[in-house]
There are 2 protein chains.
Amino acid sequence: MPRNKPRKQPPARSAKPYRDSSGATLADYPQPSVAVDTAVLTLAPRAHPAPGAAPHRLSVLLVRRPEGVDGPQWALPGTFLHQGERLADAVTRSLTEKAGITGGHPAQLAVFDEPDRDERGWVLSVAHLAVIGYAALDDALLAHPDRVRLAPVSRLEPLPYDHKAIVAAAVRELRRRYADRPDPEHLLGARFTFRELRDVHEAIAGTTLHHEAVAGTLQKDTFRRAMDPHLQGTGTMSTGTIGRPSQRFRRTR
Amino acid sequence: MPRNKPRKQPPARSAKPYRDSSGATLADYPQPSVAVDTAVLTLAPRAHPAPGAAPHRLSVLLVRRPEGVDGPQWALPGTFLHQGERLADAVTRSLTEKAGITGGHPAQLAVFDEPDRDERGWVLSVAHLAVIGYAALDDALLAHPDRVRLAPVSRLEPLPYDHKAIVAAAVRELRRRYADRPDPEHLLGARFTFRELRDVHEAIAGTTLHHEAVAGTLQKDTFRRAMDPHLQGTGTMSTGTIGRPSQRFRRTR
DNA sequence: CTTAGTTAGAGCAGAAATGATCTAACACTG
DNA sequence: CAGTGTTAGATCATTTCTGCTCTAACTAAG
């Protein structure tokens, strides 16, 4: 939850206060505090990838809350909106300040508006999703292991406020994006093999369905055929990987 | 745009001001004004239904703006958030106050956060969708034709602020909901014939595709087969309708 | 009453999608 | 070097889906 040093600025109003038909300015309306909270999702490499299991684990970034707060000690990174700031910029700023992370294109998820959701007062929170590759997170995780860490989204630990609902919404949105396009968030590089692509999609889908069919369709053949029209082969082949070498592909368009 | 008489309340803060680690209260953070704007979508009956064309027209509710404002004279209904109010409640209130309309379950669409979107100052707008049957709107339209009217969403007239984008988002969301379920917003009653159902879905989809196939699949047979599992027949048959009588259906679950 | 126009609903053949099978090509182990 | 395990990619039979056709049942117009 946001808790930076506040800038002691006056409430928002235009230079020449606008007055409406009843002679009131905007400042006469009650104004909630507005915060952004972000579920940063990434694929963490599994320490000991069980044979046949996905080598990645869909994880969410947590930051340690200030000393002395009640409840869970870890939460999603967030911040209050600064004067005139765009929501996406506030998200980017919060990630830089709280976790030393750059990059990611924040996407709005929903506004959480329960009046009592924050014991500090009336706070609206705009939940966001940011998908960031593990490589871009690694530095921050190593530099501040006491303040920043990853948690798997399956069997998620208790989180304060409605952060659990935010993570759930973020995962839903991510799965929706990955349902019909090959790695749209570029968790892989520009070129990749089919296996690499499938590992990413399986980790995000959360199902191991290596062979077993599951409602919603993600099986070896189905997956390949669904992604095929959005891929084009580069001539080059993978080397050094296990099994028969695969052509490397890149996304079309 | 909202412009009611403001309640001269102080900015939001808890009874016992919460102080964070730097001793600041929430009121020390700059706070934007928060408004809700709602695209009320309905199916207006067509005056002269051309033969073969859908008898409904997907329309959005507009309210007249106060005298003397620049730009378009009609806009989406909206209001500023009251102290401690839920967003959905503010939407319901704005519809009652501005248009005398009750009912509808508002759904959040997105937050519009351009700092300069409103010349009166820093205003965040949370866009909403409400789907309301024409019958519930008819009274208000007849009672206040000078203040409330419907406009077709195809070839939408110019609207102030980013209201055109809000309508576009609302239509997109409505189409998504109607893509795989029979009339989920209950624009029809509990029982209806297949033709009535198809007229509603075609009006929402915007395509006339009576026979002609279109990418995205909505053809007579395809539509019937897609909706079939979500419908169950009541024994009764329609009477007085044109063509062969149809069984009346109701939604399952 | 007859004819034209419209809709409901079943039936059918061709098209497309699915899941399995099979072979090729590599790494790794002993 | 032979054997095992893994993956890539093509091929195939079967299931499922799609769009069309056909008949039945009604209204409205002449």
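Letters A, B, ... are given to chains in the order of the sequence lines, protein chains preceding strands, and every chain is numbered from 1.
For B/S246 and C/dG9, the shortest distance from a side-chain N or O to OP1 or OP2 is below 4.0 Å. OP1 or OP2 of D/dT7 lies within a sub-4.0 Å distance of a side-chain N or O belonging to A/R195. Of the side-chain N and O atoms in A/R224, one or more sit less than 4.0 angstrom from OP1 or OP2 of D/dG9. Regarding contacts with the backbone of D/dC17, every side-chain N or O of B/T222 stays at 4.0 angstrom or more from both OP1 and OP2.
Among the nucleotides D/dT6, D/dA10, C/dA8, the one closest to the side chain of A/D221 is D/dA10. Looking at the side chain of A/Q247, the nearest of the listed nucleotides D/dG9, C/dA8, D/dC26 is D/dG9. The side chain of A/Q219 lies closest to C/dG19, out of C/dG19, D/dG9, C/dG9.
Atom CZ in B/F194 sits roughly 13 Å away from atom C1' in C/dA10 (whole-Å rounding). In this structure, B/R248 places its CZ atom 17 Å from C1' of C/dG9, rounding to the nearest Å. The interatomic distance linking B/D228 (CG) with D/dT18 (P) rounds to 13 Å, in whole Å. C/dT7 atom P lies 9 Å from atom NZ of B/K220, rounded to whole Å. If you take CZ of B/R198 and P of C/dT6, they are 13 Å apart, rounded to a whole angstrom. The separation between A/L197 atom CG and D/dA8 atom P is 11 Å, rounded to whole Å. Atom CE of A/M227 and atom P of D/dA8 are 15 Å apart (whole Å). Atom pair A/L231:CG and D/dG9:P shows a separation of 11 Å (rounding to whole Å applied).
B/T241 comes within 4.0 angstrom of the backbone, heavy atoms only, and of no base. When heavy atoms are screened at a 4.0 angstrom cut-off, A/R225 is found touching base atoms of the nucleic acid.
Taking B/R147 as the reference, nothing meets the salt bridge (Lys or Arg N to Asp or Glu O under 4.0 Å) condition, with sequence neighbours excluded. Looking at residues two or more places apart in sequence or on another chain, you find a ring pair (Phe, Tyr, Trp, His ring centres under 6.0 Å) between B/Y178 and B/H201.
The main-chain N or O of A/T234 is never found under 3.5 Å from a side-chain atom of A/T236 such that the two would form a donor-acceptor pair. The main-chain N or O of B/D146 is found under 3.5 Å from a side-chain atom of B/R64 such that the two form a donor-acceptor pair.
In this structure, the side chains of B/T42 and B/Y134 come closer than 4.5 Å at one or more pairs of heavy atoms. Between A/V36 and A/T79, the closest side-chain pair of non-hydrogen atoms falls below 4.5 Å. Contact check for B/R93 versus B/D89: no side-chain heavy atoms found under the 4.5 Å cut-off.
For the pair B/A44 and B/L150, the tightest heavy-atom approach, listed with the atom from each and the gap, is CB-CD1, 4.0 Å.
With hydrogens and angles ignored, a donor-acceptor pair under 3.5 angstrom links the side chain of B/R244 to the base of C/dA8.
Axis deviation across the helix from C/dC1-D/dG30 to C/dG30-D/dC1 amounts to 10°, comparing end segments of five pairs, rounded to 10 degrees.
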